[in-house]
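For reference, the structure discussed in these notes is given below.
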Amino acid sequence: MSARYLLPYAPEAIGGLPAGLDALVWDGEGPVPGDEELRGVEFFCLPYLRHAVALPVIRRLPSLRAVQTLTAGMDDVLPYVPDGVVACNARGLHDASTAELAVTLILASLRGVPRFVRLQDEGRWSQEFHDSLADRTVLILGYGSIGRALAARLEAFECEVVKVARRARPEERVHGAEELAGLLPAADVVVLLTPLTPESRGLVDAGFLARMKDGALLVNVARGPVVDTGALLAELSAGRLRAALDVTDPEPLPADHPLWHAPGVLITPHVGGPSSAFLPRARRVLRERILRFEKGEPLTSGH
């Protein structure tokens, strides 16, 4: 028997949904439901961190009207979405978790935490002088909802925050992208939060990096291909810049890739979203979208 919804969580686990919601539950780990079960699915929420197995299922849903992700980025999803089907991202879902990780990467890199961890492994006590976040200038490139969450968290660290978006928003003291080249040389930390688009792919190239001041820190919690990996490797190898990367290009990063061992780099394996903050916020987003779909109200598009 076919269902109207294909969801990664049971309706009762989401809470606040109409009784008897016609839903099929598939978390991306078990066998894919059969074609007869999928025939009437109109709303499909992709299981989080299971896009590789879930995306091909979209083409098996002849009644599909809406695709919902639990990610902010949709660059991997949109090529699979048929014309006429609404694609919705999870804007706001990862704000808290990603902003926390960005602060963690900044502080860990500036204060030398990776080196101290290695010294601990060797049983060595070595007091050293490292940079503080206080009195530094942090440039946030891609000032949207996650950027706002990051700026709010940085307020306590006595640093200056410079905000840059595609278009200037004077009422929020946000600079436009056309001002970026002039702002980069003054930034001690540059945090990338831009979505991956044709315009942002390779945005952080050799020219971009050359404008950054000596010793500056590049933090990428956006998407790996926003950065030209070869150009970044050249700057890291020369010891001129530092980097903290939650995303890379390629990704996953192969074990023999030189980026792993480049000087001045801290790498985490794309864990900006997965944290204890995820599930309650995912349920809220999914509940809101399902209720709108049930009422026939417009859904927020991720295009």
Side-chain angles (χ1 to χ4, degrees), residues 99 101-119 126-143 147 150-151 153-165 173-194 200-249 253 257-268 272:
L101 183 66
V103 172
T104 300
L105 292 174
I106 293 169
L107 289 172
S109 297
L110 293 181
R111 296 303 297 266
V113 172
R115 171 167 166 77
F116 290 132
V117 170
R118 294 183 179 103
L119 291 174
S126 177
Q127 291 183 310
E128 300 173 354
F129 189 95
H130 286 276
D131 291 335
S132 171
L133 178 52
D135 307 323
R136 304 295 168 189
T137 297
V138 180
L139 187 152
I140 300 175
L141 178 55
Y143 192 74
L150 175 57
R153 285 157 176 78
L154 290 174
E155 286 179 2
F157 288 97
E158 301 179 41
C159 59
E160 179 185 0
V161 178
V162 178
K163 310 161 188 175
V164 182
R173 299 178 63 190
V174 176
H175 299 271
E178 69 279 0
E179 301 176 70
L180 178 61
L183 295 169
L184 281 174
D188 300 289
V189 180
V190 176
V191 182
L192 305 177
L193 285 170
T194 58
S200 68
R201 183 178 293 272
L203 172 67
V204 182
D205 56 11
F208 181 110
L209 297 170
R211 294 185 185 95
M212 292 176 61
K213 66 163 62 174
D214 291 353
L217 172 68
L218 178 74
V219 180
N220 191 1
V221 285
R223 286 292 185 267
V226 172
V227 177
D228 181 329
T229 301
L232 178 60
L233 267 171
E235 293 283 12
L236 294 173
S237 299
R240 199 183 72 80
L241 298 178
R242 294 174 285 177
L245 311 172
D246 185 49
V247 289
T248 60
D249 184 24
L253 197 62
H257 198 283
L259 194 56
W260 283 115
H261 305 290
V265 67
L266 170 60
I267 297 173
T268 54

Item to check | Counterpart residues, ring-ring contact (aromatic ring centres under 6.0 Å, His included), relative to His257 (two or more places apart) | outcome: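 His257 satisfies ring-ring contact (aromatic ring centres under 6.0 Å, His included) with no residue once adjacent residues are dropped.
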Checklist entry - Taking only residues two or more places apart in sequence, or in another chain, which ones meet Phe157 in a ring-ring contact (aromatic ring centres under 6.0 Å, His included)? => result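 In terms of ring-ring contact (aromatic ring centres under 6.0 Å, His included), with neighbours along the sequence ignored, Phe157 is linked to no residue.
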Looking only at heavy atoms, what is the nearest atom pair of [X] and [Y], with distance?
X: Gly215; Y: Leu241; answer: N-CD2, 4.5 Å
X: Ala134; Y: Ser132; answer: N-OG, 3.0 Å
X: Val204; Y: Phe208; answer: CG1-CD2, 3.5 Å
X: Leu233; Y: Ala262; answer: CD2-CB, 3.9 Å
X: Glu235; Y: Arg240; answer: OE1-NE, 2.8 Å
X: Ala99; Y: Arg153; answer: CB-CD, 3.7 Å

Item to check | Pairing residues for Glu155 by the side-chain contact (heavy atoms from CB on, under 4.5 Å) criterion, not counting sequence neighbours | outcome: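 In terms of side-chain contact (heavy atoms from CB on, under 4.5 Å), with neighbours along the sequence ignored, Glu155 is linked to no residue.
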Checklist entry - Do other residues, nucleotides or ligands put more than 12 heavy atoms under 6.0 Å from the CG atom of Asp135? => result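 Count not over threshold, so no.
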How many angstroms lie between [atom1] in [X] and [atom2] in [Y], if you round to the nearest 0.5 Å?
X: Leu245; Y: Leu236; atom1: CG; atom2: CG; result: 7.5 Å
X: Thr268; Y: Asp246; atom1: OG1; atom2: CG; result: 3.5 Å
X: Leu154; Y: Arg136; atom1: CG; atom2: CZ; result: 14.0 Å

Checklist entry - Side chains of Leu141 and Leu203: does their closest heavy-atom pair fall under 4.5 Å? => result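 A side-chain contact under 4.5 Å exists here.
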Next on the checklist: Just so I know, are the side chains of Val161 and Leu150 near enough to count as touching, which here means a heavy-atom distance under 4.5 Å?
Outcome noted: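 Side chain of Val161 against side chain of Leu150, heavy atoms only: no contact under 4.5 Å found.
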In a table with atom names and distances, give each donor-acceptor pair under 3.5 Å that connects a side chain of residues 174-190 to protein atoms at least two apart or in another chain.
from   : atom 1 : to     : atom 2 : distance (Å)
His175 : ND1    : Glu179 : OE1    : 2.9
Glu179 : OE2    : Gly176 : N      : 3.1
Asp188 : OD1    : Lys213 : NZ     : 3.1
Asp188 : OD2    : Thr137 : N      : 2.8

Donor-acceptor pairs are to be reported for all side-chain atoms of residues 217-228 against protein atoms at under 3.5 Å, with residues two or more places apart or in another chain.
from   : atom 1 : to     : atom 2 : distance (Å)
Asn220 : OD1    : Ala222 : N      : 2.9
Asn220 : ND2    : Arg223 : O      : 3.2
Arg223 : NE     : Asp75  : OD1    : 3.3
Asp228 : OD1    : Gly230 : N      : 3.0
Asp228 : OD1    : Ala231 : N      : 3.1

Which donor-acceptor pairs under 3.5 Å do side chains of residues 103-114 form with protein atoms, sequence neighbours excluded?
from   : atom 1 : to     : atom 2 : distance (Å)
Thr104 : OG1    : Glu100 : O      : 2.9
Ser109 : OG     : Leu105 : O      : 2.8

